[in-house]
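Have a look at the structure below, then the notes.
Residue numbers start at 1 and run along the sequence shown.
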Amino acid sequence: MNKVIHFIKNNERLKKFFHYLIVPSGQARPRTWIRMFVNPFIHDRGRGSIIRNSARMDVFPFGEFSLGERSIIESFATINNGVGSVKIGSNVTIGISNVIIGPVRIGNHVILAQNIVVSGLNHGYEDVTVPIHQQKCTTKEIVIGDESWVGANAVIVAGVRIGRHAVVAAGSVVTKDVPDFSIVAGNPAKLIKQYNPATKAWEKVSQ
């Protein structure tokens, strides 16, 4: 199978033909027959995982997607692996109306609240003679560590890594990496607290 995929990807005419079969022209979601009859047999779903019927699963067979055991993708969330893989661990909550655009890797026991945007995609804009939507896109993987919690309406931009047991406050825009056992807040998000193992307490960080 891998040899077939490699052959198709290296043949421009074949690649365009299969892309047409999978993706409607000018759209960023797979055709219905792909969603119904192909994806369920290609992508990994853990035991006890749930994807609500109203979630928009823009998941393509040419990209990786996995959902761990007992994880849930809530209503009106959008998952898109068209430009990068989306890997979600076990016991994860993807909250109502979240937007997850790959490449994104989410650990285990992670909580994403409501209306969060996690996008590993950026649009090129540098050439002012070409409309932005026609310029080349770039991607950088986002990693959200085990046991983390991201508050409602937060935005996490491409390339950011959020550490283990970290907290992103509601409404934050995260543009830089977040250390393990830390709390960040604001736009742009700044470090406000860290766990001190010596005192066994969450302590404020002086700015």
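Each of V118, I79, N81 was compared with V104 under the side chain to side chain contact (heavy atoms under 4.5 Å, CB included) criterion, and only V118 meets it.
Under a 3.5 Å cut-off, the side chain of D146 and the backbone N or O of N108 do form a donor-acceptor pair. D44 places no side-chain N or O within 3.5 Å of a backbone atom of S66 that could act as its donor or acceptor partner. Side chain of S119 to backbone of L121: a donor-acceptor contact under 3.5 angstrom is found. Side-chain atoms of N196 do not come within 3.5 Å of backbone N or O of A201 as any donor-acceptor pair. At least one donor-acceptor pair under 3.5 Å links the side chain of Q135 to the backbone N or O of D127. Looking only at distances, no side-chain donor or acceptor of S49 sits under 3.5 Å from a matching main-chain atom of R47.
A distance of 10.5 Å separates OG1 of T78 from CD1 of I73, quoted to the nearest 0.5 Å. Annotation: the span from W33 atom CH2 to I22 atom CD1 amounts to 6.5 Å, rounded to 0.5 Å. Atom OG1 in T138 sits 4.5 Å away from atom CG in N122 (nearest 0.5 Å). I42 contributes atom CD1, which lies 12.5 Å from atom CZ of F60 (distance to the nearest 0.5 angstrom). Atoms CZ and CD, on R105 and E64 in that order, are 11.0 Å from each other to the nearest 0.5 Å.
F41 and L67 sit in two unconnected hydrophobic clusters of ILVMFWY residues. Membership requires side-chain heavy atoms under 4.5 Å apart, directly or through other members. Under the 4.5 Å side-chain heavy-atom criterion for ILVMFWY residues, a single connected hydrophobic cluster contains both M36 and F62. Under the 4.5 Å side-chain heavy-atom criterion for ILVMFWY residues, a single connected hydrophobic cluster contains both V184 and V173. Note on I132: it does not cluster hydrophobically with I101, by side-chain heavy-atom contacts below 4.5 Å among ILVMFWY residues. Under a hydrophobic-cluster definition in which Ile, Leu, Val, Met, Phe, Trp and Tyr are linked whenever side-chain heavy atoms come within less than 4.5 Å, directly or via other members, V168 and L191 are assigned to the same cluster.
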Could you walk me through whether L112 and I144 pass side chain to side chain contact (heavy atoms under 4.5 Å, CB included), step by step?
CA-CA 10 Å; L112 301 187; I144 300 178; 4.2 Å; yes
For side chain to side chain contact (heavy atoms under 4.5 Å, CB included), just list the numbers for Y195 and K200, CA-CA rounded to whole Å, side-chain angles, deciding distance to a tenth of an Å, and then say yes or no.
CA-CA 7 Å; Y195 182 75; K200 297 184 178 180; 3.4 Å; yes
Assess the residue pair V86 and N80 against the criterion (side chain to side chain contact (heavy atoms under 4.5 Å, CB included)); give the C-alpha distance rounded to whole Å, side-chain angles, the decisive distance to 0.1 Å, and a yes or no.
CA-CA 7 Å; V86 176; N80 190 304; over 6 Å; no
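T199 approaches E203 most closely through the heavy-atom pair OG1-OE2, 2.6 Å. The two atoms that bring S75 and R52 nearest to each other are N-CG, 3.5 Å, heavy atoms only. For G102 against V83, the heavy-atom pair with the smallest separation is O-CG2, 3.4 Å. The two atoms that bring D180 and R164 nearest to each other are OD1-N, 2.8 Å, heavy atoms only. Nearest heavy atoms, S172 versus A185: OG-CA, 3.3 Å.
In this structure, H43 and F65 have perpendicular ring planes: the angle between them is above 60°, well past the 30° mark.
Counting heavy atoms from C-beta outward, P61 and N39 have side chains that approach closer than 4.5 Å.
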Which pairs of donor and acceptor atoms, one on a side chain in residues 148-163, lie under 3.5 Å apart (sequence neighbours left out)?
from : atom 1 : to   : atom 2 : distance (Å)
S148 : OG     : G145 : O      : 3.2
S148 : OG     : G163 : O      : 2.7
S148 : OG     : A166 : N      : 3.2

Determine all donor-acceptor pairs shorter than 3.5 Å in which one atom belongs to a side chain in residues 88-98; sequence neighbours excluded.
from : atom 1 : to   : atom 2 : distance (Å)
S90  : OG     : E69  : N      : 3.3
N91  : OD1    : R70  : NE     : 3.1
N98  : OD1    : G95  : N      : 3.3
N98  : ND2    : G95  : O      : 3.4
N98  : ND2    : A113 : O      : 2.8

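V128 belongs to no multi-residue hydrophobic cluster, having no ILVMFWY side-chain contact under 4.5 Å with any other such residue.
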